[in-house]
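Okay, so here's the structure we're looking at.
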Amino acid sequence: MTTVAAYAAPAAKAPLERTTIERRAVGDHDVLLDIKFSGICHSDIHQAQDGWNPGIFPMVPGHEIAGVVTEVGPGVTKFAVGDHVGVGCMVDSCRECDNCKAGLEQYCTGGGPVWTYNSVGKDGEPTYGGYSENIVVDQDFVVRIPKGLPLDAAAPLLCAGITTYSPLKHWNAGPGKKVAVVGLGGLGHMGVKIAHALGAEVTVLSQSLRKKDDGLRLGADHYYATSDPKTFEELAGTFDIILNTVSAPLDFAALLSLLRTDGTLVNVGIPEEEVNISLQSLFGNRRSVSSSGIGGIAETQEMLDFCAEHGLGAEIELISAEEINEAYDRVQASDVRYRFVIDAATI
Ligand code: NAP
Ligand code: ZN
Ligand code: ZN
C-alpha cells in the first residue's frame, strides 16, 4: 500500500477537499500510472452530490484519466514504463459473462463492472478515481494513448470520447446520415467532432446560440437554439440519429418529433429525475428511444486510435486542483468550454 494525495468529497454534496488515500501494491497484472491529467465529467458531479444513488464516501471522483506508466507487475505484457496510457470508467469486470466476452464489459452481467470510483473492487475495498496522484489498475482495463494525442486533450476521451463514439458507431453515423447532438458540453462537443469525422451531417441543438461559432468550428454543419420554437417547426422529421447529451430532463415529445422514419433518439445524458416519454411520439414514424453506456475496453482503444488519426482531442480548460469546486459550479451552470481538466501536478 502507498499513501497518495487526492481530492475527495468527504460526504454527499460537500465541497471536495485535499486528502490522502491508500493505493494497493502493484500486483502481477497491474500497471501503476502517474496521473498527469484528469477530466471533470458531469457524472462526477451527479455522484458526488448523491444525485443518482447513495454513493460511497469519502469519494475521489475522476474517470477520465491520462498518465504515464511508472511501474508494471511481473505478469504485465501490454505496457511498459514510460507508456502514455488512459483509464476510463471501469477498472475490472467478471470477464466471464457473455457481455464481457463480447467486449461489452460496461454491461457485465456477472455483478456489473467495478467502476473506477464509487464502487467496490474484487478485494472488497472501495475504488478511488482520478483526482489523485496515481492509480493502480489491472492491465486489461488500461488503454494506450497514441503519442500523437496530447495527454491533457486526451483525458476527456476516456469518458466523453467513448460515450459518444460508441453509439455513433452502433447506430451507423456516417456519410448520408443526419445527426443531431443535443447539448454542447463535454460529451456534446466530442459528439460533434466524432460525428463530423465519421462523415455525418451534424446539427447542434443547444439551449441558445451563444456557442454557435464554436459549434461550427468543431465540425457542426448547422446550429439551432432549442429555446426558439421555430427550430422544432423547421427541423421536424429531419434526423436519423439524435444524440442527447443533456444532464437534465427535456421535452422528449418535441425532440422525438425531429426524427425521421426509423430514426433513433439515443440518450447518453443521465438526468437525476425520471422522465416521461409518450408512446404516441413514437408509433407514427417507427421511431426508437434508446440509451448507451460508455463503451467496452477494445472499443475505447479503437476510439483513441480514431481520434489520433483524425487529430481529435477535447477542447479543455486546464485547472488546478483547488479550482475543482468552482469548476463543478460552472459545469452545472452550462458554463464549460468544453471540458475542465485537472492538472494532477497541483494535487
Ligand atoms: P456537461 O458538460 O454539463 O454538458 C451538458 C450540456 O447539456 C450543457 O453544456 C448544456 O449544453 C446542456 N444542458 C445542461 N442543462 C440543461 C438543461 N437544463 N436544459 C437543456 N440543456 C441543458 O455534461 P457532460 O459531462 O457532457 O455529461 C452530460 C450527461 O451525460 C450527464 O448527465 C452525465 O452524467 C452523462 N454521462 C453519461 C455517460 C454514459 O455512459 N451514458 C457517460 C458520461 C456522462 P448547451 O448549453 O449547449 O445547451
Ligand atoms: Zn463520465
Ligand atoms: Zn462480465
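Order of appearance sets the numbers: ligands from 1, and atoms from 1 within every ligand.
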- Query: Would you say S43 and ligand 1 have an N/O pair spaced under 3.5 Å apart?
  - Reply: yes

- Query: What is the closest protein heavy atom to atom 28 (C) of ligand 1, and at what distance does it sit?
  - Reply: T245 O, 2.9 Å

- Query: Considering only the protein, which heavy-atom contact is closest to atom 3 (O) of ligand 1, and what is its distance?
  - Reply: H42 ND1, 2.7 Å

- Query: Who's the nearest protein heavy-atom neighbour of atom 14 (C) of ligand 1, and how far?
  - Reply: S334 OG, 3.3 Å

- Query: Identify the closest protein heavy atom to atom 2 (O) of ligand 1: which residue and atom is it, and at what distance?
  - Reply: G186 N, 2.8 Å

- Item | Short N-O contact, D214 and R217, less than 4.0 angstrom | yes

- Derivation of the side chain to side chain donor-acceptor pair (under 3.5 Å) call for S132 and R23: CA-CA 10 Å; S132 59; R23 291 293 188 198; 2.8 Å; yes

- Query: Should we say atom CD of Q280 is surrounded by more than 12 heavy atoms from elsewhere, each under 6.0 Å from it?
  - Reply: no

- Return yes when atom CZ of R286 has more than 12 non-hydrogen atoms of other residues, nucleotides or ligands closer than 6.0 Å, and no otherwise. no

- Protein N/O/S atoms under 2.8 Å of the Zn ion (ligand 3)? C94 SG, C97 SG, C100 SG, C108 SG

- Item | Options I294, V331, N244, T226, ranked by nearest heavy atom to atom 40 (O) of ligand 1, top entry | I294

- Task: Measure the distance from atom 26 (O) of ligand 1 to every protein heavy atom, then report the residue, atom name and distance (to 0.1 Å) of the closest one.
- Result: L187 N, 2.7 Å

- Item | Close side-chain approach of V331 to D335, heavy-atom, < 4.5 Å | no

- H196/E201 under side chain to side chain donor-acceptor pair (under 3.5 Å): CA gap, chis, key distance, verdict: CA-CA 7 Å; H196 174 72; E201 184 179 330; over 6 Å; no

- Closer than 2.8 Å to the Zn ion (ligand 2), do we get an N, O or S atom from C159, backbone or side chain? yes

- Name the orientation class of the two ring planes belonging to Y165 and F306 (parallel below 30°, tilted from 30 to 60°, perpendicular beyond 60°). tilted

- Task: Carefully, step by step, assess Y224 and L209 under the rule side-chain contact (heavy atoms from CB on, under 4.5 Å).
- Result: CA-CA 7 Å; Y224 288 85; L209 295 179; 5.6 Å; no

- Determine, for K36 against D152, whether the closest basic-nitrogen to carboxylate-oxygen distance falls under 4.0 angstrom. no

- Report yes or no: does a heavy atom of Q332 sit under 4.0 Å from some atom of ligand 1? no

- Message: The test is salt bridge (Lys or Arg N to Asp or Glu O under 4.0 Å); show your working for D240 and R260 and say whether it passes.
- Response: CA-CA 6 Å; D240 299 285; R260 64 193 305 174; 3.7 Å; yes

- Short N or O distance, S206 and ligand 1, threshold 3.5 Å exclusive: yes

- Message: Regarding C89, does it place an N, O or S atom less than 2.8 Å from the Zn ion (ligand 2)?
- Response: no

- Query: For atom 18 (N) of ligand 1, which protein heavy atom lies nearest, and how many Å away is it?
  - Reply: A248 CB, 3.4 Å

- So L255 and V182, side-chain contact (heavy atoms from CB on, under 4.5 Å) or not? Walk me through it. CA-CA 9 Å; L255 271 190; V182 192; 4.1 Å; yes

- Task: Determine whether the side chain, the backbone, both or neither of Q106 has a heavy atom under 4.0 Å from any heavy atom of ligand 1.
- Result: neither

- Message: Just checking D98: does its CG atom have more than 12 heavy atoms from other residues, nucleotides or ligands closer to it than 6.0 angstrom?
- Response: no

- Query: Which is it for W52 and ligand 1 at heavy atoms under 4.0 Å: side chain, backbone, both or neither?
  - Reply: side chain

- Message: Could you check whether R95 pairs with D138 (Lys NZ or Arg NE/NH1/NH2 to Asp/Glu carboxylate O, under 4.0 Å)?
- Response: yes

- Query: Tell me, which protein residue and heavy-atom name are nearest atom 35 (C) of ligand 1, and how many Å apart are they?
  - Reply: V268 O, 3.5 Å

- Kindly identify the option in L250, V266, V181, V246 whose heavy atom sits closest to atom 16 (C) of ligand 1. V246

- Message: For atom 9 (O) of ligand 1, which of the options G185, C159, C89 provides the nearest non-hydrogen atom?
- Response: G185

- Message: I'd like to know whether R337 forms a side-chain contact (heavy atoms from CB on, under 4.5 Å) with E315, so could you lay out the CA-CA distance, the side-chain angles of the two residues, the decisive distance to 0.1 Å, and finally the verdict.
- Response: CA-CA 7 Å; R337 296 193 183 204; E315 311 272 310; over 6 Å; no

- Heteroatom distance test (L184, ligand 1): nitrogen or oxygen, under 3.5 angstrom: yes

- Item | Contact atoms of ligand 1, heavy-atom distance to G269 under 4.0 Å | 29 (C), 30 (O), 32 (O), 35 (C)

- Task: Quick one: look up the protein heavy atom nearest atom 13 (N) of ligand 1 and list residue, atom name and how far away it is.
- Result: Q207 NE2, 3.5 Å

- K211-ligand 1 polar pair, N/O distance under 3.5 Å: yes

- Please determine, by modelled atom types, if H42 and Q332 share a side-chain donor-acceptor pair under 3.5 angstrom. no

- Between M190 and G313, the two heavy atoms sitting closest are SD-O, 3.8 Å

- Angle subtended at the Zn ion (ligand 2) by C41 SG and H63 NE2, rounded to 10 degrees: 110°

- Query: Does the side chain of E64 come within less than 4.5 Å of R339's, by heavy atoms?
  - Reply: yes

